[in-house]
Engineer: 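First the structure, then my questions, so here it is.
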Amino acid sequence: MNAITSQIGDLAEAGERMIERLRRKAFLPESRKGLNVRFGIAEAAALLGCSTNRIRMAEEDGRLPPPPASETGRRLGYTVEELLHMRQVLGASPARAPLDVPAIIAVQNFKGGVGKSTVTTHLAHYFAVQGYRVLVVDCDSQATTTTLFGFNPHFNIAREETLYPYLSIDPTEADLAYAVKRTPWPNVDLIPSNLELFDVEYELAAAGSNGQSVLAARFRKLKQGLIDLARDYDVVILDPPPALGTISLAVMQAANALLVPLAATTPDFCSTVQFLSMMDQVLRQLEGAGIAVDYSFVRLICSKFDANDPSHAMVRAIMEQSFGSALLPVPILDSAEISHAALRMMTVYELEKPIGTPKTHKRCRTNLDEALGQIEQLVRQGWGRVAPAREEDVIHAAA
């Protein structure tokens, strides 16, 4: 290897060291990501679909502990863990019924730069705030989702902690329980990834060249492994590689729902059309080989949408004409708050306070809740349910 070519490895090592420095700076003092966000009583009541009086009454009669107070006596608000306890006490848990099939959602597009991992992590944290039990599976060797959860794939994650020991040609694990890691969110777990997961691509591709039986077996194995794990969760979110490889195919076959993020640009629209065409051909081939694929919903969501950019509005109108009701009506707006949170290896849902102006933060959070809430409704419809009725709505209806 000549001196110029060897620079690539040096650049990679320098970049990995910088990621670790950024992670340590972001998560001092223990260099571990924490979750310090709290919710005021009005926000907690809105999330639980009840009145603030009901929460106060539960605190007064001892069913719920009051939140801690500052030195001045101001209520500091509720943690996510306390919100989960409140849901149990007040009967406000959105968890699926035992016979409901867990949603296993693949967030996929072969076009890079559409915000696939950003959508994945924000969707996971949105579901967590709403009270669901969530598992995120990072199937992409680039490991962006793993990084956003506060892990450095190079320093913190070994190959034995990824999907590799389960999917490799010579597996050392019989189920996926070994790979599940706790995250700062009490109701979100993660199966992480790192660059070494890409070795599975080589192994499966080599096995496929000698016959499709090994490949088909691995497809079925991933699906069965995820189904077994999903028994302990309401929602499983899969982040596959942005390419048509063996891992992507296995993920697409393992999922029971598909979410396709795309940006409002002409190249992204054209690329997504090609992705859908390729997916159609591949799914037909999989079904022809006896590998079943069945989705409860397929939806596209426009990400990084700038409402002030006329070209974005024009491309979005083209999307609406082309995809109809398959395109979710509320896009995810392009916001500096999302970018600033990502710089801290966080999502907007993890911010203790706005990074930009309070107005910008509120607009971004409101948009995310509305855009990602569309997916929650699709999940609940799959369980034969819609959003639970709010206490105030019931009272007004009876009046």
Side-chain angles (χ1 to χ4, degrees), residues 1 3-35 107 112-122 124-125 135-173 176-185 188-205 222 237-243 245-248 250-251 338-347 350:
M1 184 180 294
I4 299 297
T5 307
S6 66
Q7 283 185 316
I8 296 174
D10 296 336
L11 293 172
E13 290 182 10
E16 292 290 356
R17 289 194 296 271
M18 179 55 69
I19 290 174
E20 184 63 10
R21 286 176 58 188
L22 291 171
R23 192 182 70 86
R24 290 180 178 275
K25 184 176 181 180
F27 307 139
L28 288 175
E30 297 91 4
S31 295
R32 290 180 61 85
K33 186 173 182 177
L35 184 64
V107 182
V114 297
K116 181 170 63 70
S117 296
T118 301
V119 170
T120 297
T121 48
H122 277 86
H125 293 166
L135 173 67
V136 178
V137 185
D138 193 352
C139 313
D140 185 356
S141 58
Q142 295 179 74
T144 305
T145 293
T146 297
T147 302
L148 288 173
F149 270 95
F151 298 96
N152 185 322
H154 184 73
F155 289 98
N156 305 138
I157 304 299
R159 182 166 72 172
E160 290 70 26
E161 298 174 281
T162 71
L163 291 172
Y164 180 85
Y166 183 76
L167 289 180
S168 68
I169 294 301
D170 297 311
T172 56
E173 298 288 348
L176 287 171
Y178 73 92
V180 177
K181 286 187 175 295
R182 299 294 303 274
T183 76
W185 291 78
V188 181
D189 291 336
L190 170 73
I191 293 181
S193 178
N194 70 6
L195 188 60
E196 292 179 283
L197 179 61
F198 194 75
D199 290 346
V200 172
E201 292 281 2
Y202 290 117
E203 293 182 10
L204 294 183
L222 180 60
I237 305 174
L238 312 177
D239 185 8
T246 50
I247 292 180
S248 289
V251 169
I338 294 177
S339 302
H340 291 157
L343 184 63
R344 293 160 173 79
M345 300 182 190
M346 293 181 174
T347 67
E350 296 178 295

Engineer: With rounding to the nearest 0.5 Å, note down the distance linking CG in Asn156 to CZ in Phe151.
Structural biologist: 7.5 Å
Engineer: I need the minimum non-hydrogen distance between Arg159 and Pro165, along with the two atoms involved.
Structural biologist: O-CD, 3.5 Å
Engineer: At what distance, to the nearest 0.5 angstrom, does CD1 of Ile191 lie from OG1 of Thr162?
Structural biologist: 9.5 Å
Engineer: Got a second to check how far Thr246's OG1 is from Leu222's CG, nearest 0.5 Å?
Structural biologist: 11.0 Å
Engineer: Do you know which two heavy atoms are closest between Leu35 and Glu350, and how far apart they sit?
Structural biologist: CD1-CG, 4.0 Å
Engineer: Partners of Tyr178 by ring pair (Phe, Tyr, Trp, His ring centres under 6.0 Å), sequence neighbours excluded?
Structural biologist: none
Engineer: Could you tell me whether a side-chain N or O of Ser248 sits under 3.5 Å from a main-chain N or O of Ala243, the two making a donor and an acceptor?
Structural biologist: yes
Engineer: Walk me through whether Ile237 and Val107 qualify under side chain to side chain contact (heavy atoms under 4.5 Å, CB included).
Structural biologist: CA-CA 7 Å; Ile237 305 174; Val107 182; 3.9 Å; yes
Engineer: Which value, rounded to the nearest 0.5 Å, describes the distance between Leu167 atom CG and Glu201 atom CD?
Structural biologist: 10.0 Å
Engineer: Could you tell me which residues satisfy side-chain contact (heavy atoms from CB on, under 4.5 Å) with Thr118, sequence neighbours excluded, listed by chain and number?
Structural biologist: His122, Ile338
Engineer: With a 4.5 Å cut-off on side-chain heavy atoms, are Asp140 and Pro242 touching?
Structural biologist: yes
Engineer: Mind checking the OG-CG spacing from Ser168 to Asp199? Nearest 0.5 Å is all I need.
Structural biologist: 9.5 Å
Engineer: Tell me the closest heavy-atom pair linking Ala179 and Pro192, and the distance in Å.
Structural biologist: O-CD, 3.4 Å
Engineer: With sequence neighbours excluded, what pairs up with Thr183 under the side-chain contact (heavy atoms from CB on, under 4.5 Å) test?
Structural biologist: Phe149, Trp185, Val188, Leu190
Engineer: Please name the pair of heavy atoms, one in His125 and one in Thr347, separated by the smallest distance, quoted to 0.1 Å.
Structural biologist: ND1-OG1, 2.7 Å
Engineer: Between His154 and Leu195, is a side chain to side chain contact (heavy atoms under 4.5 Å, CB included) present by the stated rule, with each step listed?
Structural biologist: CA-CA 8 Å; His154 184 73; Leu195 188 60; over 6 Å; no
Engineer: Should Val136 and Asp239 count as side-chain neighbours, where that means a heavy-atom distance under 4.5 Å?
Structural biologist: no
Engineer: Under 4.0 Å between a side-chain nitrogen and a carboxylate oxygen: does that hold for Arg182 and Asp189?
Structural biologist: yes
Engineer: Quick check for you: to the nearest 0.5 Å, what is the distance between Leu238 atom CG and Thr145 atom OG1?
Structural biologist: 10.5 Å
Engineer: Can you name the residues that form a side chain to side chain donor-acceptor pair (under 3.5 Å) with Gln142, not counting sequence neighbours?
Structural biologist: none
Engineer: Does a side-chain heavy-atom distance below 4.5 Å link Leu163 with Cys139?
Structural biologist: yes
Engineer: Applying side chain to side chain donor-acceptor pair (under 3.5 Å), can you list everything that pairs with Glu196, at least two apart in sequence or on another chain?
Structural biologist: none
Engineer: Write down the atom of Pro241, the atom of Ile247, and the distance for their closest heavy-atom approach.
Structural biologist: CD-CG2, 3.9 Å
Engineer: Considering all heavy atoms of both residues, which atom of Pro240 and which atom of Val251 are nearest to each other, and what is their separation?
Structural biologist: CB-CG1, 3.8 Å
Engineer: Check side chain to side chain donor-acceptor pair (under 3.5 Å) between Asp138 and all other residues, then give those that pass, not counting sequence neighbours.
Structural biologist: Thr146
Engineer: Sequence neighbours excluded, which residues qualify as side-chain contact (heavy atoms from CB on, under 4.5 Å) partners of Ala158?
Structural biologist: Glu160, Glu161
